[in-house]
**Q** 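Have a look at the structure that comes next, please.
Both counts, for ligands and for their atoms, begin at 1 and track the order of listing. Please read all numbers here as calculations on a predicted model, not as lab measurements. Just so you know, residue 1 is the first one in the sequence shown, and it goes up from there.
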Amino acid sequence: MQEEVRGADEKTLEKYTHIISTLPKKKSWANDQYKYQGFWYNGLLLNAVMSVQDNFKARLSNFLVASSPRSGTTWLKALVFALLNRGIITDALSSLNASNPHECVPFLEIQLYTNDRIPDLDALPPPRLFATHIPYSSLPESVKSSNCRLEPISLEEVFELYCKGVSTHGPVWEHVSEYWKVSLERPDNVLFLKYEEMKRDPVLHLKRLAGFLGRPFSEEEEKEGVVEEILRICSFEHLKNLEVNKVGVLETARGGIENRTFFRSGKVGDWGGCLTPENVRRLERVVEEKVSGSDGLSFFGGSGDQNGLSHSGVCSAS
Ligand SMILES: Nc1ncnc2c1ncn2[C@@H]1O[C@H](COP(=O)(O)OS(=O)(=O)O)[C@@H](OP(=O)(O)O)[C@H]1O
């Protein structure tokens, strides 16, 4: 993707530095985290978030994959990319075979508006497809109104911070609840997907997603097996075993992230095995308590999945 880029001016950068200096701050991971509009970010990321808020203008031809970190973003990016480019399925296939899904669908705040760069995204041909981990309430107004690399830190410390909501773009329960609520209020604009449900019935949810994107499958496509082919090329096994995802590196403002880190086990509930049973119960309690006010949203149980922390990804069309 090639876009014109300009740099942020000194005055704006001073404004961001000043805002950050006034925010609540907590030590976390390698760097300080700042609480901005109710969510936690490191300073570098926060500059980019403010720049997205100031500069990104949603257009009718935009699709935005919005998700909490580690919720299934990579899979959803691959699926949306393949769906929107399936008229030229061989091109989509070769792009996904040659590039990590994060290169096919870049993050606004992690890849595009970083290092004080302001890209001219209007210059890109439609459909313009981007991604973000920014919570709903902090998205630029035009989106809402239009139709690590880390220093070593112990798992116990990370877990404590996570339970207190201090994780990048956290608290995770606020992040998910906001998108859940807006998906109920504006179902034509925001589609809410749960990782566990997509794993259980990928065909059903891929068809829902295709319909939402305005590109439902035709009878002919279904007969030709296009649904299964898209699921195959976007599957965990296929993407994980590609050369680009074994050895490639994704360049971001925080430095390079090895592509292989986006593909861990891809199994529902596997996260539970990384924690003590006591901590699994504690996290379940914390999250359930926090989302209990959100109309029918549930993270655990009800799905038949053991320890199913319901990852969720949202695709928002503006
Ligand atoms: N294609 C595909 N299909 C199914 N699952 C997949 C796929 N790609 C990645 N994964 C799993 O998604 C988890 C990572 O979440 P994210 O992609 O949101 O991570 S990130 O925020 O972009 O870093 C992480 O889950 P865990 O395995 O439970 O850690 C990945 O393994």
**Q** May I ask you to check if ligand 1 and Lys199 share an N or O to N or O distance below 3.5 Å?
**A** no
**Q** Is Lys77 in contact with ligand 1, taking contact as a heavy-atom separation below 4.0 Å?
**A**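 No.
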**Q** For Trp75, is the NZ or CZ atom of Lys199 found under 6.0 angstrom from the centre of its six-membered ring and inside 45 degrees of the ring axis?
**A**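 Checked: cation-pi criterion met.
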**Q** With side-chain hydrogen bond (donor to acceptor under 3.5 Å, both in side chains) as the test, pick out the partner of Asn245 among Thr74, Asn100, Asn97.
**A**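 With Asn245 as partner, Thr74, Asn100, Asn97 yield a single side-chain hydrogen bond (donor to acceptor under 3.5 Å, both in side chains), made by Asn100.
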**Q** Ser67 near ligand 1, heavy-atom distance under 4.0 Å?
**A**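 Heavy atoms of Ser67 never come under 4.0 Å of ligand 1.
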**Q** So, does Thr12 use its side chain to make a donor-acceptor pair with the main chain of Ala8 at under 3.5 Å?
**A**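 No.
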**Q** Between Asp122 and Arg128, does any NZ, NE, NH1 or NH2 come within less than 4.0 Å of an OD or OE carboxylate oxygen?
**A** no
**Q** We want to know whether Asn279 and Tyr162 form a side-chain donor-acceptor pair, criterion being a heavy-atom distance below 3.5 angstrom.
**A**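 The answer is no; no qualifying pair exists.
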**Q** Give yes if a backbone or side-chain nitrogen or oxygen of Gly72 is under 3.5 Å from a nitrogen or oxygen of ligand 1, and no if not.
**A** yes
**Q** Which of the atoms of ligand 1 are close to Pro69, meaning less than 4.0 Å from one of its heavy atoms?
**A** 21 (O)
**Q** For ligand 1 and Lys267, I'd like to know whether there is a polar contact (N/O to N/O, distance under 3.5 Å).
**A** no
**Q** Who's closest to atom 18 (O) of ligand 1 heavy-atom-wise, of Thr73, Ile110, Ile233?
**A** Thr73
**Q** Phe159 versus Leu283: any side-chain heavy-atom pair under 4.5 Å?
**A** yes
**Q** Do any nitrogen or oxygen atoms of Ser71 lie less than 3.5 angstrom from nitrogen or oxygen atoms of ligand 1?
**A**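 Indeed, backbone or side chain, Ser71 has an N or O that close.
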**Q** Answer with side chain, backbone, both or neither: which part of Asp270 has a heavy atom less than 4.0 angstrom from an atom of ligand 1?
**A**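 Within the 4.0 Å criterion, Asp270 makes no contact with ligand 1.
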**Q** Just going by heavy-atom distances, which of Trp75, Phe262, Phe107 is nearest to atom 9 (C) of ligand 1?
**A** Phe262
**Q** Hey, can you tell me if Phe262 and His102 have their rings parallel, tilted or perpendicular (30° and 60° cut-offs)?
**A**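 Phe262 and His102: tilted rings.
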**Q** Looking at Ser235, which atoms of ligand 1 are within less than 4.0 Å of one of its heavy atoms?
**A** 1 (N)
**Q** Does a donor on one side chain sit under 3.5 Å from an acceptor on the other, for Ser137 and Gln37?
**A** no
**Q** Which atoms of ligand 1 sit under 4.0 Å from any heavy atom of Gly266?
**A** 26 (P), 27 (O), 31 (O)
**Q** Can Arg86 be said to sit on top of Phe81's aromatic six-ring, NZ or CZ under 6.0 Å from centre and within 45° of the ring axis?
**A** no
**Q** I want to confirm something. Looking only at heavy atoms, which of His133, Met198, Arg70 is nearest to atom 23 (O) of ligand 1?
**A** Arg70
**Q** Is it true that Ala78 lies under 4.0 Å from ligand 1, counting heavy atoms only?
**A** no
**Q** My understanding is that only one of Phe107, Tyr113, Phe56 makes a ring pair (Phe, Tyr, Trp, His ring centres under 6.0 Å) with Phe130; could you say which?
**A** Phe56
**Q** Relative to the heavy atoms of His102, which atoms of ligand 1 are at a distance of less than 4.0 Å?
**A**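 Listed by number with element: 22 (O).
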**Q** Out of Tyr195, Phe263, Trp271, Phe236, whose heavy atom is nearest to atom 5 (N) of ligand 1?
**A**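 Selected option, by shortest heavy-atom distance: Tyr195.
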